[in-house]
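Here is the structure we will look at.
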Amino acid sequence: MKNLIVANWKMNPQTYKEAEDLAKDILKGAEAVKDVEVVICPPFVYLPLLKDFTTGGQNCFYEESGAYTGEISPVMLKNLGAEYVIIGHSERRKYFNETNEAINKKIKKALELGLKVIFCVGETAEERDGGKKNEVLENQLKEGLKEIDNFSDINIAYEPVWAIGTGNNCNVAEAKDAMEFIKNIVKENTRILYGGSVKLDNSASYIKEAGYNGLLVGGASLKPDEFVNIIKSAE
Ligand code: PGA
């Protein structure tokens, strides 16, 4: 399986033109890279712009259609050409009160409808400081993956919340421990990605030293040169 590098653009950029330019620059730089799978997860409105990429949603709902104002169905993502969807990102858990139960429903529905899932788990600073990290990870994994028995389309992203958008990335030894902890619980051949302040100066270490199968990149995925070099560092 190739290493997987996922761009999470979050709620950026602000115009169609900027999204178009960003996509063009990434494509130009990354076109020659063949040994790494690259997935761009833009805000939904930009998905039609990204026909030359493998794309993913940043979220989806657990119903296919109906009266759910403001939600996006996994069917719509598929119909717009998305192959992947991020589910359970800590910003969704925090700002939209997503529970492990809702995340489990979303994962099941996305898989049922043929999307590949990037399932995010990770502890907050408070949980880590309080010695609860492993308990939190175990809960998120067990509840999020409840009643799922086919893992071929599941990727797990370990994203310590305290490392996201802070510049305070997790050190390699701790990231490696978390990966091993996750593997012990999941015991399936899923790709495990690291996310949280991934930059060019640390990206290779998660893959080459800690043994991760890819990266989930937020802030640095909006800087085309850096992002392209992050992709190359995963070769
Ligand atoms: P960051 O975000 O790279 O900006 O820390 C990662 C993420 O939230 O997926």
Side-chain angles (χ1 to χ4, degrees), residues 3-14 18-19 22 26 30 36-44 46 50 53-60 82 84-98 103 106-107 110 116-125 127-128 133 136-137 140-141 144 154-172 174-175 178-179 182 190-207 210 212-234:
N3 286 329
L4 174 63
I5 305 294
V6 182
N8 176 9
W9 285 3
K10 307 195 182 189
M11 205 168 69
N12 302 290
Q14 304 314 306
E18 284 169 287
L22 180 55
I26 295 171
V36 180
E37 184 176 0
V38 179
V39 177
I40 310 283
C41 299
F44 300 120
Y46 300 139
L50 296 166
F53 289 90
T54 301
T55 53
Q58 296 174 10
N59 172 42
C60 68
Y84 283 81
V85 62
I86 297 173
I87 296 182
H89 192 280
S90 61
E91 287 152 13
R92 304 283 321 168
R93 293 178 190 260
K94 178 176 173 192
Y95 296 111
F96 304 95
N97 302 316
E98 273 191 16
I103 289 165
K106 289 181 178 200
I107 295 177
K116 296 173 187 156
V117 168
I118 299 153
F119 168 40
C120 301
V121 296
E123 81 288 357
T124 62
E127 290 161 345
R128 179 176 177 244
K133 171 177 168 167
V136 168
L137 287 179
Q140 290 177 341
L141 289 163
I154 295 185
N155 304 272
I156 296 172
Y158 171 59
E159 293 208 304
V161 180
W162 47 269
I164 295 177
T166 57
N168 178 25
N169 63 298
C170 183
N171 73 54
V172 172
E174 191 174 339
M179 189 188 66
I182 292 168
T190 55
R191 280 186 292 201
I192 304 186
L193 320 185
Y194 169 79
S197 293
V198 171
K199 306 273 181 267
L200 181 57
D201 63 9
N202 60 37
S203 58
S205 65
Y206 294 109
I207 292 172
Y212 276 86
N213 313 109
L215 302 164
L216 179 48
V217 188
S221 71
L222 298 168
K223 300 175 186 158
D225 291 345
E226 182 167 8
F227 186 59
V228 165
N229 284 317
I230 289 172
I231 295 169
K232 290 181 179 163
S233 77

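Both counts, for ligands and for their atoms, begin at 1 and track the order of listing. The figures here come from the full heavy-atom set of this structure, side chains too, leaving out hydrogens, waters and symmetry mates. All figures in this text were calculated on a predicted structure; none of them were measured in a lab.
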Below 4.0 Å, non-hydrogen atoms only: which portion of Asn8 touches ligand 1? Side chain, backbone, both or neither.
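The part of Asn8 near ligand 1 is the side chain, not the backbone.
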For [X], counting its heavy atoms only, list the atoms of ligand 1 lying under 4.0 Å from any of them.
{"X": "His89", "value": "7 (C), 8 (O), 9 (O)"}
{"X": "Leu216", "value": "9 (O)"}
{"X": "Gly165", "value": "1 (P), 4 (O), 5 (O)"}

side-chain hydrogen bond (donor to acceptor under 3.5 Å, both in side chains) partners for Trp9, two or more places apart:
none
I'd like to check the side-chain contact (heavy atoms from CB on, under 4.5 Å) partners of Lys116; sequence neighbours left out, ordered by chain and number.
Glu83, Tyr84, Asp153
Identify the protein heavy atom lying closest to [atom], giving its residue, its atom name and the separation to 0.1 Å.
{"atom": "atom 4 (O) of ligand 1", "result": "Gly219 N, 2.8 Å"}
{"atom": "atom 3 (O) of ligand 1", "result": "Gly218 N, 2.9 Å"}
{"atom": "atom 9 (O) of ligand 1", "result": "Glu159 OE2, 2.7 Å"}
{"atom": "atom 2 (O) of ligand 1", "result": "Lys10 NZ, 3.2 Å"}

Measure the acute angle between the ring planes of Tyr194 and Tyr206, then classify it against the limits of 30° and 60° as parallel, tilted or perpendicular.
parallel
From CA spacing to verdict: side chain to side chain contact (heavy atoms under 4.5 Å, CB included), Ile86, Leu216:
CA-CA 10 Å; Ile86 297 173; Leu216 179 48; 4.2 Å; yes
In this structure, does ligand 1 have an atom that sits under 4.0 Å from one of the heavy atoms of Ser197?
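For ligand 1, residue contact (heavy atoms, under 4.0 Å) with Ser197 is present.
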Can Lys199 be said to touch ligand 1, with heavy atoms closer than 4.0 Å?
no
So which heavy atom on Gln140 is nearest to which on Gly122, and how close?
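Result for this residue pair: OE1-N, 2.8 Å.
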Nearest-0.5 Å distance, CG of residue Leu200 to CG of residue Asn229
5.5 Å
Measuring only between side-chain heavy atoms, which start at C-beta, is Leu22 closer than 4.5 Å to Leu222?
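In short, these two side chains touch, coming nearer than 4.5 Å.
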Do Glu91 and Ile164 make a side-chain contact, defined as non-hydrogen atoms from C-beta onward lying under 4.5 Å apart?
yes
With nothing but distance in play, are any N or O atoms of Gly196 less than 3.5 Å from an N or O of ligand 1?
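It does not: no N or O of Gly196 is found under 3.5 Å from an N or O of ligand 1.
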